[in-house]
Amino acid sequence: MTKEELKQKVCQAIEARQEQIIELGESIYREPELGFKETKTAAKVENIFRNLGVAYEKELALTGVKGRLKGKRSNRTVAVLGELDAVTCAGHPGADPLTGAAHCCGHNIQIAVLMAVGMALLDTGAMDFLAGDVVLFAVPAEEYVEITYRNKLREEGKIAYLGGKQELIYRGAFDDIDMAMQIHLLTNTEADSFVRLGSTSNGFIGKLVQYQGKAAHAAMAPAEGINALNAAMLGIMGVHAQRETFREQDYVRFHPIITQGGDLVNVIPEDVRMESYVRAASIEALRDSNIKIDRALRAGADAVGAAVSIQSLPGYLPMNNNQELNQVFRANAEAVYGQTQVGTGTHEAGSTDTGDLSHIMPTIHPWLGCVSGALHSKDYSVADSHAAYIKSAQALAMTVIDLLYGDGEAAEQILQEYKPLLTKEQYVTFLNSFNQAN
């Protein structure tokens, strides 16, 4: 069977399972779970693997599930990724009323697409024509939320890092994988560009900040207290005063939330806590802006005589799409969506832990503009289910075939030309450089 014939059969197989694929995504949508807690979603993935006869590992980085399809030879391994977790958005119509978790991130579609690729490769016998293995990897905790909770997991030794792919890289779950790809949904704001390739993104450092003051009666004896909430507000204003020093090309972002602001309205706040990210477009800008922001946060404490503890936690690295792998995907995206609907992306100020993976192996993270309403907002909804679920799975599956068909020459050429930005050891060392309190 020729490569083009095989690609056509795989696309037809995905169409044939359309109802099952979309129902899987909708089932996950109805039961959103936050990172490192995705037990129901992981169980759905495991159940499909069992029904397909796919060998898999489970409970990787607590909830990750990794299936492997064997090719005629196992020269190289290509991974297709999907993320298990939801994000916190209590106002979204699909939000869990108890946890506030909602799939207004599109991860439920990623998991359905991941399984669609596997189903089609198996339904058509495509693996018999591929000189490599395909890993279907459902990964946990892409959304970097509940920082305090995750840091507690870290302190208890249950995880080493707060992001799912970080933890999986550290634990060796990507050691037997050569390259990786996944899709992500995006609000469609450009009529002439449905698929956007090659976008870069910010990295970030996680922050836990605690201001310690002194309690006193807020009306009768305020002079006897030290107001930790005022210290926090002054710290935030100090960061605002730094903003003109951040270069526009670095896309620096600082967006804190106060998770504990005081105990009683008539008591001077003694213990005030914040969570935030420090985001930037490069590792160098991350280091520079982090120093400035820490300095401003400490100044807020100094201004009122409070104490402050600032814990910097390793966040995510900037995204670097592999251009050669992108070109393989581009040809298939153009075949599925139409040539005029595939464009080159720009910089995204958000972040993804796929950026971490992109520093150590060829990785792509194309965006599909099929969402109305902003990501992570109550207005998020999928505008084109067929494009999101079916066409994206077809583009990914055809890319897998292009890479591994015959003797896997296309994958081999990409890997021969690839130079990692960081080795795994250098990557872990870099993460640990931010895993500290001051």
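What you are looking at is a predicted structure, and each value in this text was computed from that prediction instead of being measured.
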Enquirer: Pairing donors with acceptors under 3.5 angstrom, does anything connect the side chains of Arg279 and Ser351?
Expert: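 Indeed, the side chains of Arg279 and Ser351 share at least one donor-acceptor pair under 3.5 Å.
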Enquirer: Does Leu168 offer a backbone N or O that forms a donor-acceptor pair with the side chain of Tyr161 under 3.5 Å?
Expert: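 Between the backbone of Leu168 and the side chain of Tyr161 there is no qualifying donor-acceptor contact (under 3.5 Å).
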Enquirer: Side chain of Lys44, backbone of Ile28: donor and acceptor closer than 3.5 Å?
Expert: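 Checking the backbone N and O of Ile28 against the side chain of Lys44, no donor-acceptor pair under 3.5 Å is found.
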Enquirer: Using a 3.5 Å distance criterion without hydrogens, assess whether the side chain of Asn202 forms a donor-acceptor pair with backbone atoms of Ala349.
Expert: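 Flag set: sc Asn202 to bb Ala349 pair under 3.5 Å.
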Enquirer: Do the side chains of Asp407 and Arg73 get close enough for a salt bridge, i.e. N-O under 4.0 angstrom?
Expert: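 Counted as a salt bridge, because a side-chain N and a carboxylate O are separated by less than 4.0 Å.
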Enquirer: Quick one: do Lys292 and Asp294 make a salt bridge, cutoff under 4.0 Å?
Expert: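 No, no charged N to carboxylate O under 4.0 Å.
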Enquirer: Between the side chain of Lys72 and the main-chain N/O of Gly406, is any donor-acceptor distance below 3.5 Å?
Expert: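 Side chain of Lys72 to backbone of Gly406, a donor-acceptor pair under 3.5 Å: yes, one is there.
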Enquirer: If only atom types and distance count, is the side chain of His92 paired as donor or acceptor with the main-chain N or O of Tyr380 below 3.5 Å?
Expert: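 Checked: pair present.
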Enquirer: Is the gap between the ring centers of Tyr251 and Phe246 under 6.0 Å?
Expert: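 No: the rings miss the under 6.0 Å criterion.
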Enquirer: Could you tell me if Lys58 sits above the aromatic ring of Phe49, with its cationic atom closer than 6.0 Å to the ring centre and no more than 45 degrees from the axis?
Expert: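 The answer is no; the distance or angle limit is not met.
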Enquirer: Donor-acceptor pair, distance only, cut-off 3.5 Å: does the side chain of His107 make one with the backbone of Ala86?
Expert: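 Checked: no pair found.
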Enquirer: Please test His365 against Thr352 for side-chain contact (heavy atoms from CB on, under 4.5 Å), starting from the C-alpha separation and ending with a verdict.
Expert: CA-CA 9 Å; His365 186 275; Thr352 170; 4.0 Å; yes
Enquirer: Listing request: all salt bridge (Lys or Arg N to Asp or Glu O under 4.0 Å) pairs with a residue in residues 340-357, at least two apart in sequence or in separate chains.
Expert: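 For residues 340-357, and leaving out neighbouring residues, the salt bridge (Lys or Arg N to Asp or Glu O under 4.0 Å) pairs sorted by first residue read Lys165-Asp353.
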Enquirer: Step by step, work out the salt bridge (charged side-chain N to carboxylate O under 4.0 Å, His left out) result for Asp133 and Arg76.
Expert: CA-CA 6 Å; Asp133 294 350; Arg76 295 292 188 178; over 6 Å; no
Enquirer: Kindly give the heavy-atom pair with the smallest separation between Ser372 and Ala383, and that separation in Å.
Expert: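 For Ser372 versus Ala383, the nearest heavy atoms are N-CB, 4.3 Å.
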Enquirer: Would you tell me whether Thr259 and Glu275 have side-chain atoms, one donor and one acceptor, within less than 3.5 Å of each other?
Expert: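 Result is no, nothing qualifies.
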Enquirer: Between Gln182 and Thr354, is a side-chain hydrogen bond (donor to acceptor under 3.5 Å, both in side chains) present by the stated rule, with each step listed?
Expert: CA-CA 9 Å; Gln182 69 176 103; Thr354 308; 2.6 Å; yes
Enquirer: Quick test of your reading of the model: are Glu4 and Lys7 salt-bridged, counting only N-O distances below 4.0 Å?
Expert: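 A salt bridge links Glu4 with Lys7.
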Enquirer: Applying ring-ring contact (aromatic ring centres under 6.0 Å, His included), which residue pairs with at least one partner in residues 275-296 are found, sequence neighbours left out?
Expert: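 Every ring-ring contact (aromatic ring centres under 6.0 Å, His included) pair that includes a residue of residues 275-296, provided the two are not neighbours, is Tyr144-Tyr277, Phe204-Tyr277, His255-Tyr277.
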Enquirer: Start with the C-alpha distance between Gln166 and Tyr316, add both sets of side-chain angles, then the distance that settles side-chain contact (heavy atoms from CB on, under 4.5 Å), and finish with yes or no.
Expert: CA-CA 8 Å; Gln166 293 176 325; Tyr316 299 161; 3.7 Å; yes
Enquirer: Does a donor on one side chain sit under 3.5 Å from an acceptor on the other, for Ser74 and Lys70?
Expert: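 Present: a donor and an acceptor within the cut-off.
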Enquirer: Kindly compute the distance separating CD (Glu142) from SG (Cys105), expressed to the nearest 0.5 Å.
Expert: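 Those atoms lie 7.5 Å apart.
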Enquirer: Measure the CD1-OH distance between Ile183 and Tyr389 for me, rounded to the nearest 0.5 Å.
Expert: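 Here the rounded value is 10.0 Å.
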Enquirer: With distance as the sole test, does Glu38 use its side chain to make a donor-acceptor pair with the main-chain N or O of Phe36 at under 3.5 Å?
Expert: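 Yes, Glu38 side chain to Phe36 backbone: donor-acceptor pair under 3.5 Å.
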Enquirer: Under the 3.5 angstrom rule, does the side chain of Tyr337 hit a backbone N or O of Ala387 as a donor-acceptor pair?
Expert: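 Looks like yes, one N/O pair under 3.5 Å.
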Enquirer: Any carboxylate oxygen within less than 4.0 angstrom of a Lys/Arg side-chain nitrogen, looking at Arg171 and Glu167?
Expert: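 Answer for the salt bridge query: yes.
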Enquirer: Would Lys37 and Asp85 pass as an ion pair if we require N to O under 4.0 Å?
Expert: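 Salt bridge: no.
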Enquirer: With a 4.0 Å cut-off, would you call Glu5 and Lys9 a salt bridge?
Expert: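 A salt bridge is absent here (no side-chain N lies under 4.0 Å from a carboxylate O).
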Enquirer: Any pair with a residue in residues 86-111 that passes salt bridge (Lys or Arg N to Asp or Glu O under 4.0 Å), sequence neighbours left out, goes on the list, sorted by first then second residue, please.
Expert: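 Qualifying pairs, neighbours excluded: none.
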Enquirer: Taking atom types as modelled and ignoring hydrogens, do the side chains of Gln413 and Tyr418 form a donor-acceptor contact shorter than 3.5 angstrom?
Expert: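 No - no donor-acceptor pair under 3.5 Å links their side chains.
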Enquirer: Please check if any side-chain donor atom of Gln210 sits under 3.5 Å from a side-chain acceptor atom of Asp271, or the reverse.
Expert: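 Short answer, yes.
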Enquirer: Please confirm whether the backbone N or O of Asn320 pairs with a side-chain atom of Ser358, one donor and one acceptor, at under 3.5 Å?
Expert: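 At least one qualifying donor-acceptor pair exists.
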Enquirer: Provide the closest heavy-atom pair for His103 versus Leu84 in the form atom of the first, atom of the second, distance.
Expert: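 Looks like CE1-O, 3.9 Å.
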Enquirer: Any donor and acceptor pair, going by atom type alone, linking the side chain of Tyr211 with main-chain N or O of Leu297 inside 3.5 Å?
Expert: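 Side chain of Tyr211 to backbone of Leu297: a pair is present.
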Enquirer: Please check if any side-chain donor atom of His376 sits under 3.5 Å from a side-chain acceptor atom of Glu143, or the reverse.
Expert: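 Judged by distance alone, the side chains do pair up.
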Enquirer: May I ask you to say whether Lys391 pairs ionically with Asp384, meaning some side-chain N is under 4.0 Å from a carboxylate O?
Expert: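 No, no charged N to carboxylate O under 4.0 Å.
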Enquirer: For side-chain hydrogen bond (donor to acceptor under 3.5 Å, both in side chains), just list the numbers for Gln18 and Glu15, CA-CA rounded to whole Å, side-chain angles, deciding distance to a tenth of an Å, and then say yes or no.
Expert: CA-CA 5 Å; Gln18 179 176 171; Glu15 286 282 359; 3.3 Å; yes
Enquirer: Does a sphere of radius 6.0 Å around CD in Gln339 hold more than 12 heavy atoms from other residues, nucleotides or ligands, not counting ones at 6.0 Å or beyond?
Expert: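 Atom CD in Gln339 is not crowded, with 12 or fewer foreign heavy atoms closer than 6.0 Å.
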Enquirer: Starting at CG of Leu404, measure out to NZ of Lys3 and round the result to the nearest 0.5 Å.
Expert: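 It comes to 11.0 Å.
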Enquirer: Taking atom CE of Met237 as the centre, report whether more than 12 heavy atoms of other residues, nucleotides or ligands fall under 6.0 Å from it.
Expert: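 At most 12 heavy atoms, drawn from other residues, nucleotides or ligands, come within 6.0 Å of this atom.
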